[in-house]
Amino acid sequence: MSHAPIGIFDSGVGGISVLRELRRELPNESFIYYADSGHCPYGGKARAEILERAHAITDFLLGRGAKMIVVACNTATIAAVEALRATYPIPFVGMEPAIKPAVAMTRSGTVGVLATGAALAGEKFLRLLAEHAGPVRVITQPCPGLVEQVEQGALDTERSRMLLRRYVEPLLAERADVIVLGCTHYPFLRGLLSEIAGDGVALVDTGAAVARQARRVLEREGLLSDSAAPGKVEWHTSGEPGPFQALCERLLAA
Ligand code: DGL
């Protein structure tokens with residue numbers, strides 16, 4: 001079983017920002033990446049629909065022999081990870097917006113969170129705020145349109161810049177000095193984001209922390225690969241296969 005691949009999925013290519021960290025942390029593990037691009041974005045969808053997609057993708061990944069699944073999507077984690085854990089016998093690692101580290105970092109006392117509308121409305125997110133925000137003011141900002149930009153590989157275009165300005169400037173006006181990237185697509189816009197937010201604002205995401213958590217879970221379950229060879233990545237999509245693989249390879253190297 002330890003030689004089996006790790007499954008990883010997202011509504012599209014965003015989870016590659018997590019895969020990048022997983023490959024760094026676990027270079028000898030192999031991965032099967034599933035981009036649900038045919039149903040992307042998840043951000044405006046009802047929970048029931050996201051749940052149905054998460055089950056269908058998990059069935060697919062299990063069919064390909066996955067020993068563990070990383071839900072590399074904040075929106076799908078919030079909607080589905082508990083149900084997945086209750087249904088399947090393998091371990092699942094999910095995403096969680098980096099509220100706790102952001103609260104520890106802020107000096108201005110205001111933190112901004114960029115995420116999808118569905119993620120911000122989820123009960124799990126509200127619980128996270130109640131647990132960790134304390135006296136810090138947390139301003140949430142849904143970002144319609146951003147996921148689509150990353151799906152098209154538009155990491156540095158005028159439209160991406162215009163959308164980011166629209167979403168980030170209100171947070172800066174409220175003196176947020178830490179911005180949480182609460183969607184796995186957004187780390188690919190880090191370059192533009194830091195240009196807009198400036199040096200005094202920290203941008204935090206959870207990719208590296210999730211990769212460390214994946215390692216802990218593999219160790220705990222005795223599933224860590226003992227292979228000395230570098231692992232491979234297999235790509236799958238429910239969307240147009242055409243330019244998909246080239247975009248994935250480009251994002252993995254970004
Ligand atoms: N990458 C996904 C997330 O982390 C999502 C987005 C979407 O499809 O709207 O939330």
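This structure is a prediction, so every number in the text was calculated from the model and none was measured.
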Stepwise side chain to side chain donor-acceptor pair (under 3.5 Å) test for Asp36 and Tyr42: CA-CA 9 Å; Asp36 200 14; Tyr42 283 177; 2.6 Å; yes

Taking everything shown except [X] itself, do over 12 heavy atoms lie less than 6.0 Å from its [atom1]?
| X | atom1 | result |
| --- | --- | --- |
| Arg215 | CZ | yes |
| Glu123 | CD | no |
| Arg107 | CZ | no |
| Lys124 | NZ | yes |

Closest non-hydrogen atom pair between [X] and [Y], with its separation:
| X | Y | value |
| --- | --- | --- |
| Tyr186 | Val147 | CE2-CG2, 4.4 Å |
| Ala229 | Asn28 | O-OD1, 3.2 Å |
| Ser11 | Cys73 | N-SG, 4.3 Å |
| Glu148 | Pro41 | OE2-CG, 3.5 Å |
| Arg20 | Pro187 | NH2-CB, 4.2 Å |
| Phe125 | Ala119 | CB-O, 3.3 Å |

So, [X] and [Y]: side-chain donor and acceptor under 3.5 Å apart, yes or no?
| X | Y | result |
| --- | --- | --- |
| Glu29 | Ser225 | no |
| Glu151 | His185 | yes |
| Thr184 | Ser17 | no |

Residues at least two apart in sequence or cross-chain that pass side chain to side chain donor-acceptor pair (under 3.5 Å) with Gln141, listed by chain then number, are none

Working to the nearest 0.5 Å, report the span between [atom1] of [X] and [atom2] of [Y].
| X | Y | atom1 | atom2 | value |
| --- | --- | --- | --- | --- |
| Asp10 | Cys183 | CG | SG | 7.0 Å |
| Glu96 | Leu128 | CD | CG | 4.5 Å |
| Leu172 | Arg165 | CG | CZ | 11.0 Å |
| Leu61 | Tyr88 | CG | OH | 10.0 Å |
| Tyr34 | Thr58 | OH | OG1 | 11.0 Å |
| Ile57 | Leu62 | CD1 | CG | 12.0 Å |

Identify whether the distance between the nearest side-chain nitrogen and carboxylate oxygen of [X] and [Y] falls below 4.0 Å.
| X | Y | value |
| --- | --- | --- |
| Glu195 | Arg161 | yes |
| Glu174 | Arg137 | yes |
| Arg127 | Glu131 | no |

One pair to check against salt bridge (Lys or Arg N to Asp or Glu O under 4.0 Å): Glu82 and Arg85. What are the steps and the verdict? CA-CA 5 Å; Glu82 279 157 21; Arg85 286 187 180 128; 5.7 Å; no

Would you say [X] and [Y] are hydrophobically clustered, going by side-chain heavy atoms of ILVMFWY under 4.5 Å?
| X | Y | result |
| --- | --- | --- |
| Leu129 | Val204 | yes |
| Ile16 | Val93 | yes |
| Ile50 | Ile8 | no |
| Leu120 | Leu193 | no |

Chi angles and distances behind the side-chain contact (heavy atoms from CB on, under 4.5 Å) call for Val70, Ile6: CA-CA 7 Å; Val70 178; Ile6 297 171; 4.0 Å; yes

Determine, stepwise, if the pair Leu189 / Leu164 fulfils side-chain contact (heavy atoms from CB on, under 4.5 Å). CA-CA 9 Å; Leu189 298 167; Leu164 280 173; 4.1 Å; yes

Start with the C-alpha gap between Arg53 and Glu49, add the side-chain angles, then the distance that decides, and say whether salt bridge (Lys or Arg N to Asp or Glu O under 4.0 Å) holds. CA-CA 6 Å; Arg53 291 306 306 152; Glu49 195 179 339; over 6 Å; no

Below 30° counts as parallel, above 60° as perpendicular, anything between as tilted: where do the rings of Phe60 and His236 land? perpendicular

Evaluation steps, side-chain contact (heavy atoms from CB on, under 4.5 Å), between Ile139 and Val113: CA-CA 6 Å; Ile139 307 175; Val113 183; over 6 Å; no

